[in-house]
Amino acid sequence: MTSNSGSTALRDARRIVVKVGSSLVTNEGRGLDEGAIGEWCRQLAVLVRDGREVVMVSSGAIAEGMKRLGWKTRPHEVHELQAAAAVGQMGLAQMYETKLRENQIGSAQVLLTHADLADRERYLNARSTLVTLLRLGVVPVINENDTVVNDEIKFGDNDTLGALVANLVEADALIILTDQKGLYTADPRKDPDAKFVHEAAAGDPALEAMAGGAGSSIGRGGMITKILAAKRAAGSGASTVIAWGREADALLRLTRGESIGTLLVAQTAKHQARKRWMADHLQLRGAVIVDAGAAAKVRGEGKSLLPIGMTGVSGEFSRGDVIAVRDVDGVELARGLANYSSVEARLLCRKPSAEFERLLGYAAEPEMVHRDNMVLMPG
């Protein structure tokens with residue numbers, strides 16, 4: 001893999017997830033670093049005005065809560081961690097909102113849990129919300145909802161959360177800002193012979209052997225979590241950069257194609273990865289049958305499937321399940337993520353979107369399956 005391909009991965013990225021760690025956000029636990037957050041927000045604003053869509057995944061709520069509560073060491077009891085998160089989240093959200101507003105950019109706070117991403121319907125709801133915010137030019141600021149989870153408080157770390165968000169919104173790139181310059185072949189603080197890794201393939205098993213444990217008493221992640229996050233992000237086609245968060249204009253320089261930090265390149269293109277997943281999905285919960293007009297739109301023009309073109313529904317499925325789209329002869333034209341359950345879909349057959357609210361009591365997406373969530377089947 002050449003440095004050219006690496007620079008292109010970031011330069012061409014239109015949807016980007018940026019993750020910053022606790023030690024950076026809170027200046028090693030001394031409280032929210034207003035200057036650093038302000039600098040990242042300034043760069044985020046430039047990217048948004050440049051036509052990019054950016055999501056910020058920020059650690060720091062627990063660390064800020066510890067500071068506000070006067071705690072010197074991270075507690076171990078879950079209820080104390082949740083209390084610290086509740087206190088710290090107030091300041092964290094306010095800081096991002098203030099700094100982004102100073103740059104004439106809107107912000108939104110989004111708190112996620114494992115359950116939000118494990119449940120099909122909540123996953124699709126979260127995705128729809130985030131994609132809508134991005135289209136509005138708003139920067140979502142995401143953290144784990146630490147005040148309500150109870151399984152060791154975390155996804156494991158916010159590096160993992162960053163990768164899951166990259167998968168969720170189908171990002172082109174994940175940028176992990178940390179307190180290290182990037183990945184070394186060994187811990188440079190202990191091994192003077194450690195060599196810097198400028199670029200590698202995401203998911204390369206050799207990378208995990210290089211990484212150490214957690215690097216700070218403030219956060220939970222270490223370089224190993226970043227390596228694993230890059231591997232996870234690559235599953236949906238997003239390349240990852242691990243870079244020093246205090247590098248001047250790091251986000252802007254990366255998106256201009258400069259080589260900063262360690263680039264871990266996804267080996268599968270974004271759309272190929274998503275389409276392969278849907279095409280290979282074996283647990284189809286059901287299908288919708290469409291008329292000739294809808295079949296032509298889906299197959300011939302790559303359009304979304306609207307309920308008005310549906311003539312029937314088979315099987316029982318929920319919002320977010322992968323379903324088949326079949327013609328009147330039973331031939332599978334496509335498959336994709338259902339925006340409505342089978343019960344709702346039966347009510348919507350042959351109906352225009354203007355009638356959805358009357359039929360369902362609410363109005364959501366106008367499509368049964370959006371073209372972004374659909375893959376055409378061979379034939």
Side-chain angles (χ1 to χ4, degrees), residues 3-13 16-30 32-50 52 54-60 63 95-96 99-100 102-103 105 139 141 157-159 162-163 166 171-185 187-189 194-200 202 207 210-212 215-216 218-219 221-223 225-227 229-230 233 238-265:
S3 58
N4 241 1
S5 65
S7 63
T8 300
L10 272 293
R11 192 181 65 232
D12 295 343
I16 302 167
V17 174
V18 179
K19 183 268 174 182
V20 289
S22 296
S23 60
L24 286 173
V25 173
T26 64
N27 198 10
E28 295 293 343
R30 289 187 282 273
L32 291 177
D33 191 328
E34 182 175 355
I37 294 174
E39 265 301 292
W40 298 321
C41 289
R42 178 186 63 80
Q43 294 176 65
L44 293 177
V46 172
L47 294 179
V48 171
R49 282 192 283 271
D50 188 40
R52 316 239 190 185
V54 190
V55 178
M56 173 64 87
V57 176
S58 179
S59 300
M95 181 68 75
Y96 276 104
K99 294 303 176 183
L100 284 167
E102 287 176 0
N103 288 278
I105 296 295
V139 174
V141 180
D157 54 85
N158 270 356
D159 295 320
D172 300 300
L174 169 64
I175 300 175
I176 298 177
L177 297 181
T178 182
D179 54 6
Q180 299 292 314
K181 294 285 187 180
L183 177 64
Y184 290 81
T185 55
D187 189 339
R189 294 168 293 192
K195 292 181 175 58
F196 189 76
V197 178
H198 291 279
E199 185 174 328
L207 297 175
M210 296 177 188
S216 119
I218 299 301
M223 198 55 71
T225 69
K226 294 163 180 56
I227 299 299
S239 293
T240 298
V241 173
I242 303 169
W244 186 38
R246 300 196 184 279
E247 184 85 45
D249 280 341
L251 299 178
L252 300 182
R253 290 162 62 195
L254 280 167
T255 53
R256 290 171 190 150
E258 286 192 42
S259 179
I260 300 173
T262 297
L263 174 66
L264 302 178
V265 184

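Here, residue 1 is the first one in the sequence, and each next residue gets the next number. These values consider heavy atoms only, across backbone and side chains, with no hydrogens, waters or symmetry-generated copies. What you are looking at is a predicted structure, and each value in this text was computed from that prediction instead of being measured.
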Evaluate side-chain contact (heavy atoms from CB on, under 4.5 Å) for D159 paired with I176, printing each intermediate quantity in order.
CA-CA 7 Å; D159 295 320; I176 298 177; 3.7 Å; yes
The test is salt bridge (Lys or Arg N to Asp or Glu O under 4.0 Å); show your working for R253 and E247 and say whether it passes.
CA-CA 10 Å; R253 290 162 62 195; E247 184 85 45; 3.3 Å; yes
Quick one, V18 with V55, criterion side-chain contact (heavy atoms from CB on, under 4.5 Å). Give me CA distance, side-chain angles, the key distance, then yes/no.
CA-CA 6 Å; V18 179; V55 178; over 6 Å; no
Passes side-chain contact (heavy atoms from CB on, under 4.5 Å), Y96 versus I37? Steps please.
CA-CA 7 Å; Y96 276 104; I37 294 174; 3.8 Å; yes
Could you walk me through whether L251 and R256 pass the side-chain contact (heavy atoms from CB on, under 4.5 Å) check?
CA-CA 9 Å; L251 299 178; R256 290 171 190 150; over 6 Å; no
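The two residues L10 and A173 come nearest to each other via the heavy atoms CD1-CB, 3.9 Å. Across S22 and S59, no two heavy atoms sit closer than the pair OG-CB, 3.2 Å. Nearest heavy atoms, L252 versus L47: CD2-CD2, 3.9 Å. In this structure, A202 and A230 approach most closely via the heavy-atom pair CB-O, 3.9 Å. Closest of all the heavy-atom pairs between A45 and I105 is CB-CG1, 3.5 Å. Heavy-atom minimum distance, V17 versus G162: CG1-O, 3.9 Å.
A donor-acceptor contact shorter than 3.5 Å links the side chain of W40 to the backbone of G245. With hydrogens and angles ignored, the 3.5 Å screen pairs no side-chain donor or acceptor of T262 with any backbone N or O of H198. Not one N or O on the side chain of S58 forms a donor-acceptor pair closer than 3.5 Å with the backbone of V20. Not one N or O on the side chain of E199 forms a donor-acceptor pair closer than 3.5 Å with the backbone of V265.
Separation of atoms CG (L32) and OG1 (T26) is listed at 7.5 Å; rounding is to 0.5 Å. Rounding to the nearest 0.5 Å gives a distance of 6.5 Å between CG of L264 and CG of L183. Atom OG of S239 sits about 11.0 Å away from atom CG of D12, to the nearest 0.5 Å. With values rounded to the nearest 0.5 angstrom, K226 atom NZ is found 14.5 Å from L207 atom CG. For the atom pair SG (C41) and CE (M56), the distance works out to 6.0 Å, reported to the nearest 0.5 Å. Interatomic distance, NZ of K19 versus CD1 of I242, reported as 10.0 Å (0.5 Å rounding).
Using a 4.0 Å cut-off between charged nitrogen and carboxylate oxygen, E258 and R11 do not count as a salt-bridge pair. Between E34 and K99, at least one side-chain nitrogen of the basic residue sits less than 4.0 Å from a carboxylate oxygen of the acidic one, meeting the salt-bridge criterion.
Scored by the salt bridge (charged side-chain N to carboxylate O under 4.0 Å, His left out) test, R52 finds D50 as partners (sequence neighbours excluded).
R246 pairs with exactly one of D33, T178, D179 by the side-chain hydrogen bond (donor to acceptor under 3.5 Å, both in side chains) rule, that one being D33.
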